[in-house]
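First the structure, in the form of structure tokens, and then the observations on it.
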Amino acid sequence: MNSLYKNYIKNSLILLGGASLFSIFLNFMDIMSENASFVQGQESRTSYLSEWSQWAGTVFIIIFVAIGLNTFLHYKNVNKKTGIFIKQLPVKYSSDFLFKTISSLIFIGVTLTVLCAIGWVMYSPYFAEGENYFKQMWDTAYMTFAVMVLFYSIGLLSQQIIGIPLLAICAPFGAFFGTLGSFIGYESMPYAIRELPIFKIALNILDKFFEFICFYGKIYPEETLFIIWSIPLFILAAILNSNIDYSNMGKLFLFRRCRPVAYVIGSTMFAFSMQCVVNCFEIRSIAVVIISFILSWLAGFKIIQYFVRRFD
Amino acid sequence: MIEIKGLTKCYGNFKAVDNVSITVPKGTIHGIIGENGVGKTTIIHCVTGIYKPNEGVVLIDGEDVYDDPKVKARIGFVADSNSYFPTYRVKDMVKFYKGIYQSFDENCFNELNAIFALPEDRRINQLSKGMQMRLALMLNIAIRPDVLVLDEPTSGLDALAKKQVTDILIKEVAERECTILISSHHLSELEKLCDDITMLQGGKVKYQSSVDGIKAKVKKLQAVFSSPVDLSDIEGILNIEQIGSIYHIITDDYTQTMERQLYAKGADILEEIGMSLEEIFIYSAKEQR
């Protein structure tokens, strides 16, 4: 492992340490009040576990932000001025991918250990009573792990496509909220429109797609599904990573062909999402929906165009 | 040996470097000169494997440099602005370089630091521009490179440091047969240092020759005419400056034909005046504009 990777690991560990200390601090504050309640016999075991899950969620967010920040800092070094210095070094960038993946997964593993340890210490009075709360705590931690792996794979894929690190980190969230907005927007549309053949065909295709990727009919827990989904994303990211032209680093799209995809999908998601707003008005004729959809699509196009011109 | 063959590099639709070919034999120093934005740094970034050429190839001893760590490990690169990790100390950078370059010679670094006297405990962001440049030079010479690429290496250095750098570079070539490619605006230094020069204009090669070769090609003539004359119809003239009856004519195509034409126009006296590389550069740039 060369110095560049050591540098990345050092930053990872610093962030991990910071995030862990912060989570321990939060848990410490909480345990003080929890212990007081326990002594007074006012808290149920279920609510303790519920509290623990909330803290696990908090720590998950903190760690996710830490990973994002670390990757951002790493890419910042591969970018612009310092990037010239980094890019001159005799380091093959393709292996950079493997390194980041492995180190981040180790990072997550350590985080989980910290989470479990904190949980175990916190709830040891119940654990000592003989009930297997540890199993439930582990389930929560495993779910956290699975979600993080999935988010990480999406984030990594975004980083292979988008040359602006901060935007790449935001991309999975953008995609998530865009998809959510599209579904809600679609549900907001009048029944007559949703019954149009074009939507029926599109939904049928989507349904088949999800049926395929979600292994409908097969019994898999959600956590396993998340990890299974992340595998092709990691593979795709690895393939893209080995073909990156790092000369384009700092531009919006590392792969030019992603540009039309971003325009079409982004504008369409925006147009669907805006139907939630249109739904607030009383007039819900088909003409209004179609016109508002087209106008929203064009507005979405213009917004994306602004960002592309601003950063590319 | 550095071989740049038909190098073309575009940024979007803008062609920064257009079909440039340069060969730098082992153990020689080659200078790249040209106006700002003419493509010098782009060529250097292609030579150091930072940029991928759109067309053409950059070979170091016959091997393509882009994304090849083995080849890159043999290249030392001092950029015009070396943005090392700002919070690192000088000694941390030495450790970092030792981890990256197997050939890093700490003794060599210490010897160089005995000359440049950089405080090893100081952080990079606390170093002045000149000190950062010294650090970059020391680090990149200490890796014992076969090829040393320098982009404005004396930028920000005081006169003494410039002299020290020049001496070190000459020593590197003399003792280790290091191949050096330099881009600089300090043409008087390049004139003393370089074996060969490439002058760029609009992303293309304008002149490429030894320093003496370029001087032999581009000439300044001092001609005295008894009455005002129009010399615009004579081909090969880059620039004319008139002070009374004395005309200073800059040409990159001084032949007997031109000499005859000037005498035919009524020149009483015609003599060649020596030009520095800087003057050649200035007149070439003027012609371009």
Side-chain angles (χ1 to χ4, degrees), chain A residues 1-15 69-70 72-99 160 163 240-256 259 308-312, chain B residues 9-12 16 41-42 44-54 60 65-88 92-104 124-125 132 135-136 139-140 143 145 147-151:
Chain A
M1 190 183 295
N2 65 45
S3 309
L4 190 60
Y5 297 157
K6 280 181 189 164
N7 190 38
Y8 186 82
I9 276 197
K10 195 179 92 180
N11 289 339
S12 296
L13 291 176
I14 289 170
L15 287 166
L69 191 63
N70 187 36
F72 168 70
L73 291 171
H74 186 76
Y75 267 95
K76 192 177 148 228
N77 286 338
V78 183
N79 222 340
K80 306 280 172 165
K81 282 280 184 186
T82 313
I84 298 298
F85 155 58
I86 297 283
K87 283 188 251 181
Q88 84 190 55
L89 300 172
V91 175
K92 198 159 179 68
Y93 296 116
S94 310
S95 56
D96 193 14
F97 165 80
L98 195 63
F99 167 78
Q160 308 313 312
L240 293 180
N241 184 270
S242 58
N243 289 298
I244 283 180
D245 177 2
Y246 276 85
S247 309
N248 291 328
M249 205 65 201
K251 294 187 174 179
L252 190 55
F253 293 109
L254 285 175
F255 288 89
R256 311 302 293 174
R259 183 196 288 253
V308 170
R309 285 186 179 162
R310 173 78 178 74
F311 291 103
D312 213 18
Chain B
K9 178 66 189 170
C10 305
Y11 301 112
T41 301
T42 302
I44 278 178
H45 285 175
C46 289
V47 170
T48 47
I50 293 166
Y51 289 169
K52 186 179 186 179
N54 292 91
I60 304 293
V65 68
Y66 184 75
D67 208 18
D68 188 339
K70 281 183 189 167
V71 180
K72 278 184 171 182
R74 296 165 51 209
I75 303 174
F77 173 45
V78 178
D80 57 342
S81 164
N82 296 282
S83 305
Y84 293 136
F85 303 120
T87 54
Y88 270 41
D92 295 332
M93 279 312 301
V94 172
K95 205 185 283 179
F96 181 84
Y97 259 68
K98 270 170 78 178
I100 291 276
Y101 293 92
Q102 288 182 341
S103 58
F104 190 85
I124 302 295
N125 56 13
Q132 287 191 30
L135 174 63
L139 288 170
N140 283 284
I143 66 171
V147 171
L148 191 55
V149 183
L150 310 160
D151 193 1

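Naming convention: chains lettered A, B, ... in sequence-line order (proteins, then strands); numbering from 1 in each chain. Everything quoted here is computed from the prediction, not taken from an experiment.
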B:Asn140 versus chain A, the contacting section by heavy-atom distance below 4.5 Å:
side chain
Which pair of heavy atoms, one from A:Gln88 and one from B:Tyr101, lies closest together, and at what distance?
O-OH, 4.0 Å
In short, A:Pro90 meets B:Ala73 closest at the heavy-atom pair CB-N, 3.5 Å
CG on A:Leu89 to CD1 on B:Ile50, rounded to 0.5 Å:
9.0 Å
